[in-house]
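The next block holds one structure in the form of C-alpha coordinates; read it before the comments.
By convention here, the first residue in the shown sequence is residue 1.
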Amino acid sequence: LSSAASVRQEGGPAHDVVFVVSTNRLLADMTYGGRPQAGYLVDALNSAIARLMAENDDAAASTRVGVVGYDSQVATLMPLDTYEPDADGRYLAYENGALEVTATAASGAQTASAPLGDGSYLQRAVSIAGSALVDAADDPGSDGRLPVLCVMGRSIPPMASVDYANPPAYDGDPTGYLGPLPGSRENGYGTDALLATMLTMRDAVSRVNAAWGADRELTFFSTGLDTSDAAAYLLETAHEQEHHPLVTSGINLNDNLAAAARAFEEASARGEKDVTLS
(Lines give C-alpha, C1' and ligand atoms only; values in the text may rest on other atoms or scores of the structure.)
Protein backbone atom coordinates (compact mmCIF):
# COMPACT_ATOMS: atom_id res chain seq x y z
CA LEU A 1 0.00 0.00 0.00
CA SER A 2 2.86 2.36 0.67
CA SER A 3 3.74 2.30 -3.04
CA ALA A 4 0.90 4.77 -3.65
CA ALA A 5 3.08 7.44 -2.05
CA SER A 6 5.53 7.14 -4.95
CA VAL A 7 3.04 8.63 -7.45
CA ARG A 8 4.62 12.02 -7.86
CA GLN A 9 5.13 14.45 -10.69
CA GLU A 10 8.75 15.35 -11.35
CA GLY A 11 8.37 18.43 -13.51
CA GLY A 12 6.27 18.78 -16.66
CA PRO A 13 2.49 19.02 -16.81
CA ALA A 14 0.05 18.62 -13.95
CA HIS A 15 -2.06 15.48 -13.54
CA ASP A 16 -5.54 14.21 -12.78
CA VAL A 17 -4.91 11.25 -10.45
CA VAL A 18 -7.65 8.83 -9.38
CA PHE A 19 -6.90 6.27 -6.65
CA VAL A 20 -9.02 3.11 -6.51
CA VAL A 21 -8.83 1.50 -3.04
CA SER A 22 -10.41 -1.45 -1.25
CA THR A 23 -12.91 -0.78 1.54
CA ASN A 24 -13.33 -4.45 2.42
CA ARG A 25 -13.71 -5.17 6.15
CA LEU A 26 -10.54 -7.28 6.06
CA LEU A 27 -8.71 -3.94 6.22
CA ALA A 28 -9.92 -3.75 9.81
CA ASP A 29 -9.48 -7.44 10.66
CA MET A 30 -5.89 -7.75 9.41
CA THR A 31 -3.36 -6.02 11.65
CA TYR A 32 0.35 -5.25 11.39
CA GLY A 33 2.35 -3.95 14.33
CA GLY A 34 -0.85 -3.61 16.31
CA ARG A 35 -2.53 -1.40 13.69
CA PRO A 36 -5.32 -2.36 11.27
CA GLN A 37 -4.38 -2.48 7.60
CA ALA A 38 -6.87 0.35 7.03
CA GLY A 39 -4.59 2.65 9.02
CA TYR A 40 -1.67 1.95 6.69
CA LEU A 41 -3.90 2.50 3.66
CA VAL A 42 -4.95 5.91 4.97
CA ASP A 43 -1.31 6.81 5.72
CA ALA A 44 -0.30 5.92 2.16
CA LEU A 45 -3.14 7.95 0.65
CA ASN A 46 -2.43 10.96 2.88
CA SER A 47 1.25 10.90 1.95
CA ALA A 48 0.56 10.57 -1.78
CA ILE A 49 -2.16 13.23 -1.87
CA ALA A 50 -0.08 15.67 0.20
CA ARG A 51 2.84 15.36 -2.22
CA LEU A 52 0.55 15.82 -5.22
CA MET A 53 -1.15 18.87 -3.72
CA ALA A 54 2.25 20.37 -2.84
CA GLU A 55 3.04 20.50 -6.56
CA ASN A 56 0.31 23.12 -7.03
CA ASP A 57 2.32 25.89 -5.44
CA ASP A 58 2.89 28.45 -8.22
CA ALA A 59 1.86 25.87 -10.85
CA ALA A 60 0.31 27.00 -14.13
CA ALA A 61 -2.21 24.15 -13.96
CA SER A 62 -3.42 22.39 -10.83
CA THR A 63 -2.92 18.69 -10.17
CA ARG A 64 -6.18 17.16 -8.95
CA VAL A 65 -6.91 13.94 -7.09
CA GLY A 66 -9.88 11.64 -6.65
CA VAL A 67 -10.51 8.51 -4.56
CA VAL A 68 -12.93 5.66 -5.38
CA GLY A 69 -13.52 2.96 -2.74
CA TYR A 70 -14.92 -0.50 -3.27
CA ASP A 71 -16.23 -3.55 -1.45
CA SER A 72 -19.41 -5.07 -2.90
CA GLN A 73 -20.53 -1.44 -3.19
CA VAL A 74 -18.56 1.31 -4.91
CA ALA A 75 -18.41 4.91 -3.68
CA THR A 76 -16.61 8.03 -4.86
CA LEU A 77 -15.04 9.28 -1.65
CA MET A 78 -13.26 12.25 -3.23
CA PRO A 79 -14.33 13.60 -6.64
CA LEU A 80 -11.52 14.87 -8.86
CA ASP A 81 -10.54 18.22 -7.34
CA THR A 82 -7.82 20.05 -5.45
CA TYR A 83 -8.07 19.62 -1.67
CA GLU A 84 -7.12 21.36 1.54
CA PRO A 85 -6.19 19.03 4.45
CA ASP A 86 -7.69 19.25 7.91
CA ALA A 87 -5.93 20.90 10.85
CA ASP A 88 -3.82 17.76 11.34
CA GLY A 89 -2.66 17.74 7.72
CA ARG A 90 -4.84 14.74 6.84
CA TYR A 91 -6.98 14.18 3.78
CA LEU A 92 -8.54 10.95 4.99
CA ALA A 93 -8.81 9.11 8.30
CA TYR A 94 -9.81 5.65 9.45
CA GLU A 95 -12.41 6.16 12.17
CA ASN A 96 -15.32 4.13 13.51
CA GLY A 97 -14.84 1.34 11.01
CA ALA A 98 -14.93 3.61 7.97
CA LEU A 99 -12.67 5.59 5.65
CA GLU A 100 -13.60 9.20 6.35
CA VAL A 101 -12.66 12.16 4.15
CA THR A 102 -11.38 14.98 6.36
CA ALA A 103 -10.17 17.28 3.56
CA THR A 104 -12.15 20.05 1.87
CA ALA A 105 -12.58 20.24 -1.90
CA ALA A 106 -11.64 23.58 -3.43
CA SER A 107 -14.82 23.62 -5.52
CA GLY A 108 -17.02 22.64 -2.58
CA ALA A 109 -17.69 19.24 -4.15
CA GLN A 110 -19.41 16.72 -1.89
CA THR A 111 -17.18 14.01 -0.41
CA ALA A 112 -18.33 10.73 1.14
CA SER A 113 -17.30 8.23 3.78
CA ALA A 114 -17.07 4.48 3.16
CA PRO A 115 -17.90 2.03 5.95
CA LEU A 116 -15.87 -1.14 5.50
CA GLY A 117 -18.08 -3.87 4.04
CA ASP A 118 -18.16 -7.30 2.41
CA GLY A 119 -17.10 -8.26 -1.09
CA SER A 120 -14.63 -6.88 -3.60
CA TYR A 121 -16.22 -5.40 -6.74
CA LEU A 122 -13.02 -3.96 -8.20
CA GLN A 123 -14.42 -4.19 -11.71
CA ARG A 124 -17.10 -1.53 -11.12
CA ALA A 125 -14.67 0.70 -9.20
CA VAL A 126 -12.26 0.76 -12.14
CA SER A 127 -15.11 1.50 -14.53
CA ILE A 128 -16.29 4.44 -12.40
CA ALA A 129 -12.74 5.77 -12.02
CA GLY A 130 -12.29 5.50 -15.79
CA SER A 131 -15.51 7.44 -16.38
CA ALA A 132 -14.32 10.18 -14.00
CA LEU A 133 -11.14 10.56 -16.03
CA VAL A 134 -13.09 10.50 -19.31
CA ASP A 135 -15.26 13.37 -18.06
CA ALA A 136 -12.17 15.24 -16.81
CA ALA A 137 -10.78 15.47 -20.35
CA ASP A 138 -13.21 18.33 -21.04
CA ASP A 139 -12.71 20.20 -17.76
CA PRO A 140 -11.20 23.72 -17.82
CA GLY A 141 -7.41 23.50 -17.71
CA SER A 142 -7.31 19.87 -18.86
CA ASP A 143 -4.95 20.81 -21.68
CA GLY A 144 -2.29 21.31 -19.00
CA ARG A 145 -2.84 17.95 -17.29
CA LEU A 146 -2.32 14.21 -17.91
CA PRO A 147 -4.56 11.36 -16.66
CA VAL A 148 -3.35 8.83 -14.07
CA LEU A 149 -5.15 5.80 -12.61
CA CYS A 150 -3.71 4.08 -9.51
CA VAL A 151 -5.48 0.82 -8.60
CA MET A 152 -4.77 -0.55 -5.12
CA GLY A 153 -6.25 -4.04 -4.81
CA ARG A 154 -6.35 -7.04 -2.53
CA SER A 155 -5.11 -10.17 -4.33
CA ILE A 156 -7.39 -11.39 -7.13
CA PRO A 157 -10.90 -9.86 -7.33
CA PRO A 158 -13.47 -12.59 -6.59
CA MET A 159 -16.60 -11.07 -8.16
CA ALA A 160 -17.42 -9.43 -11.47
CA SER A 161 -20.31 -8.76 -13.85
CA VAL A 162 -20.51 -10.26 -17.33
CA ASP A 163 -21.28 -6.71 -18.51
CA TYR A 164 -17.61 -5.71 -18.53
CA ALA A 165 -18.21 -2.47 -20.47
CA ASN A 166 -20.77 -1.15 -17.97
CA PRO A 167 -20.73 -3.20 -14.74
CA PRO A 168 -23.91 -2.34 -12.79
CA ALA A 169 -24.26 -1.63 -9.08
CA TYR A 170 -24.57 -4.84 -7.07
CA ASP A 171 -28.00 -5.09 -5.40
CA GLY A 172 -27.77 -8.61 -3.99
CA ASP A 173 -29.24 -10.32 -7.06
CA PRO A 174 -26.66 -12.86 -8.35
CA THR A 175 -27.99 -12.76 -11.93
CA GLY A 176 -25.26 -11.81 -14.37
CA TYR A 177 -22.37 -12.05 -11.86
CA LEU A 178 -19.31 -14.28 -11.81
CA GLY A 179 -17.39 -15.66 -8.85
CA PRO A 180 -18.36 -15.95 -5.17
CA LEU A 181 -20.61 -13.09 -4.07
CA PRO A 182 -21.00 -11.53 -0.60
CA GLY A 183 -22.98 -13.79 1.73
CA SER A 184 -22.56 -16.88 -0.43
CA ARG A 185 -20.92 -20.08 0.78
CA GLU A 186 -18.82 -20.34 -2.33
CA ASN A 187 -15.13 -19.73 -2.11
CA GLY A 188 -12.27 -19.37 -4.54
CA TYR A 189 -11.38 -16.83 -7.21
CA GLY A 190 -12.71 -18.10 -10.53
CA THR A 191 -10.73 -17.11 -13.58
CA ASP A 192 -13.91 -15.84 -15.26
CA ALA A 193 -14.21 -13.04 -12.69
CA LEU A 194 -10.57 -12.12 -13.14
CA LEU A 195 -10.88 -12.08 -16.93
CA ALA A 196 -14.02 -9.93 -16.77
CA THR A 197 -12.25 -7.48 -14.44
CA MET A 198 -9.24 -7.24 -16.73
CA LEU A 199 -11.49 -6.69 -19.74
CA THR A 200 -13.08 -3.80 -17.84
CA MET A 201 -9.63 -2.40 -17.07
CA ARG A 202 -8.72 -2.57 -20.74
CA ASP A 203 -12.03 -0.91 -21.65
CA ALA A 204 -11.42 1.90 -19.14
CA VAL A 205 -7.92 2.51 -20.46
CA SER A 206 -9.26 2.64 -24.01
CA ARG A 207 -12.03 5.09 -23.09
CA VAL A 208 -9.69 7.42 -21.22
CA ASN A 209 -7.14 7.43 -24.04
CA ALA A 210 -9.86 8.15 -26.61
CA ALA A 211 -11.09 11.11 -24.53
CA TRP A 212 -7.66 12.63 -23.85
CA GLY A 213 -6.01 11.98 -27.22
CA ALA A 214 -2.96 10.11 -28.42
CA ASP A 215 -0.49 12.64 -27.02
CA ARG A 216 -1.90 12.37 -23.46
CA GLU A 217 -2.28 8.65 -22.85
CA LEU A 218 -3.31 7.31 -19.44
CA THR A 219 -0.62 6.26 -16.98
CA PHE A 220 -1.80 3.14 -15.12
CA PHE A 221 -0.35 2.03 -11.78
CA SER A 222 -1.41 -1.03 -9.79
CA THR A 223 -0.42 -2.64 -6.51
CA GLY A 224 -1.72 -5.79 -4.86
CA LEU A 225 -3.09 -7.17 -8.15
CA ASP A 226 -2.08 -9.93 -10.54
CA THR A 227 0.78 -8.51 -12.59
CA SER A 228 1.46 -11.57 -14.74
CA ASP A 229 2.22 -11.30 -18.44
CA ALA A 230 -1.43 -12.04 -19.19
CA ALA A 231 -2.64 -9.09 -17.12
CA ALA A 232 -0.03 -6.79 -18.63
CA TYR A 233 -1.07 -7.87 -22.11
CA LEU A 234 -4.75 -7.21 -21.48
CA LEU A 235 -3.96 -3.67 -20.32
CA GLU A 236 -2.01 -2.85 -23.48
CA THR A 237 -3.56 -0.81 -26.27
CA ALA A 238 -4.71 -2.55 -29.44
CA HIS A 239 -1.69 -1.10 -31.27
CA GLU A 240 0.72 -2.53 -28.68
CA GLN A 241 -1.01 -5.90 -28.79
CA GLU A 242 -0.42 -6.12 -32.53
CA HIS A 243 3.32 -6.13 -31.80
CA HIS A 244 3.03 -8.68 -28.96
CA PRO A 245 1.19 -11.66 -30.45
CA LEU A 246 0.42 -14.44 -27.99
CA VAL A 247 0.83 -17.62 -30.01
CA THR A 248 1.11 -21.08 -28.50
CA SER A 249 0.72 -24.47 -30.21
CA GLY A 250 -0.37 -22.71 -33.36
CA ILE A 251 -3.22 -20.82 -31.63
CA ASN A 252 -3.16 -17.02 -31.58
CA LEU A 253 -4.52 -15.94 -28.18
CA ASN A 254 -5.35 -12.51 -29.63
CA ASP A 255 -8.30 -14.24 -31.30
CA ASN A 256 -9.25 -15.98 -28.04
CA LEU A 257 -9.33 -12.67 -26.14
CA ALA A 258 -11.45 -11.04 -28.82
CA ALA A 259 -13.84 -13.99 -28.66
CA ALA A 260 -13.94 -13.75 -24.86
CA ALA A 261 -14.88 -10.07 -25.03
CA ARG A 262 -17.69 -10.82 -27.48
CA ALA A 263 -18.92 -13.73 -25.34
CA PHE A 264 -19.14 -11.57 -22.22
CA GLU A 265 -21.03 -8.90 -24.16
CA GLU A 266 -23.49 -11.41 -25.63
CA ALA A 267 -24.04 -13.12 -22.27
CA SER A 268 -24.74 -9.76 -20.67
CA ALA A 269 -27.34 -8.94 -23.32
CA ARG A 270 -29.08 -12.26 -22.60
CA GLY A 271 -28.89 -11.79 -18.82
CA GLU A 272 -26.84 -14.96 -18.42
CA LYS A 273 -24.40 -15.61 -15.59
CA ASP A 274 -22.26 -18.29 -17.26
CA VAL A 275 -19.95 -17.63 -20.19
CA THR A 276 -18.70 -20.52 -22.30
CA LEU A 277 -16.06 -20.33 -25.00
CA SER A 278 -15.56 -23.01 -27.61
Going by distance alone, is a donor N or O of one side chain under 3.5 Å from an acceptor N or O of the other, for D118 and S72?
no
Just by modelled atom types, is the R202 backbone N or O under 3.5 Å from a matching donor or acceptor in the S206 side chain?
no
Does the side chain of T175 pick up a donor-acceptor pair with the side chain of D173 at under 3.5 Å?
yes
Check whether the ring centres of F19 and F221 lie less than 6.0 Å apart, and answer yes or no.
no
What's the separation between atom CE in M53 and atom OG1 in T63, rounded to the nearest 0.5 Å?
6.0 Å
Pairing donors with acceptors under 3.5 angstrom, does anything connect the side chains of N24 and S120?
no
Full working for salt bridge (Lys or Arg N to Asp or Glu O under 4.0 Å) between R35 and D43:
CA-CA 12 Å; R35 296 183 67 207; D43 287 350; 2.9 Å; yes
Atom pair CG/CG of D16 and L149 - distance to nearest 0.5 Å:
11.5 Å
Residues V101 and A112: closest non-hydrogen pair is CG2-O, 3.4 Å
Closest non-hydrogen atom pair between D81 and A105, with its separation:
OD2-CB, 3.5 Å
Please say yes or no: joined through hydrophobic side-chain contacts below 4.5 Å, possibly via intermediate residues, are L146 and V205 part of one cluster?
no
L116 vs Y94 side-chain heavy atoms within contact, under 4.5 Å:
yes
If you take all heavy atoms of W212 and L133, which pair is closest and at what distance?
NE1-O, 2.8 Å
Determine whether V18 and V67 make a side-chain contact, defined as any pair of heavy atoms from C-beta on separated by less than 4.5 Å.
no
Let me see the working for I128 and T76 under side chain to side chain contact (heavy atoms under 4.5 Å, CB included), right down to the final yes or no.
CA-CA 8 Å; I128 288 176; T76 299; 4.0 Å; yes
Distance col, row M30:CE vs R25:CZ, nearest 0.5 angstrom, shows 14.5 Å
Smallest heavy-atom separation, A137 atom then S142 atom, equals O-OG, 2.8 Å
Kindly compute the distance separating CG (D163) from CZ (R124), expressed to the nearest 0.5 Å.
10.5 Å
State, with a plain yes or no, whether a side-chain heavy atom of T111 is found less than 4.5 Å away from one of Y83.
yes
Do V65 and L80 come close enough that some side-chain heavy atom pair is under 4.5 Å?
no
The test is side chain to side chain contact (heavy atoms under 4.5 Å, CB included); show your working for Y121 and S161 and say whether it passes.
CA-CA 9 Å; Y121 198 2; S161 167; 3.5 Å; yes
Rounded to the nearest 0.5 Å, what's the gap from OG1 on T102 to CG on L99? Could you check?
11.0 Å
Do L92 and M78 come close enough that some side-chain heavy atom pair is under 4.5 Å?
yes
Interatomic distance, CG@L45 vs CG@L41, rounded to 0.5 Å, equals 4.5 Å
Is the shortest heavy-atom distance from the side chain of V151 to the side chain of L122 under 4.5 Å?
yes
Looking at G144 and A61, what are the two nearest heavy atoms and their distance?
O-CB, 3.9 Å
Would you mind checking if D143 and R216 are paired as a salt bridge, meaning a charged N to carboxylate O distance below 4.0 Å?
no
Cut-off 3.5 Å, side chains only: do S62 and R145 have a donor facing an acceptor?
no
When every non-hydrogen atom of P85 is compared with those of Y91, the smallest separation belongs to CD-OH, 3.6 Å
In terms of side-chain geometry, is the basic nitrogen of R207 or D135 positioned less than 4.0 Å from the acidic oxygen of its partner?
no
Evaluate the side-chain proximity of P182 to Y170: yes if any heavy-atom separation is below 4.5 Å, no if none is.
yes
Measuring only between side-chain heavy atoms, which start at C-beta, is E100 closer than 4.5 Å to S113?
yes
Checking the side chain of D86 only, and the main-chain atoms of R90 only, is there a donor and an acceptor separated by less than 3.5 Å?
yes
Do Q123 and T200 have side-chain atoms, one donor and one acceptor, less than 3.5 Å apart?
yes
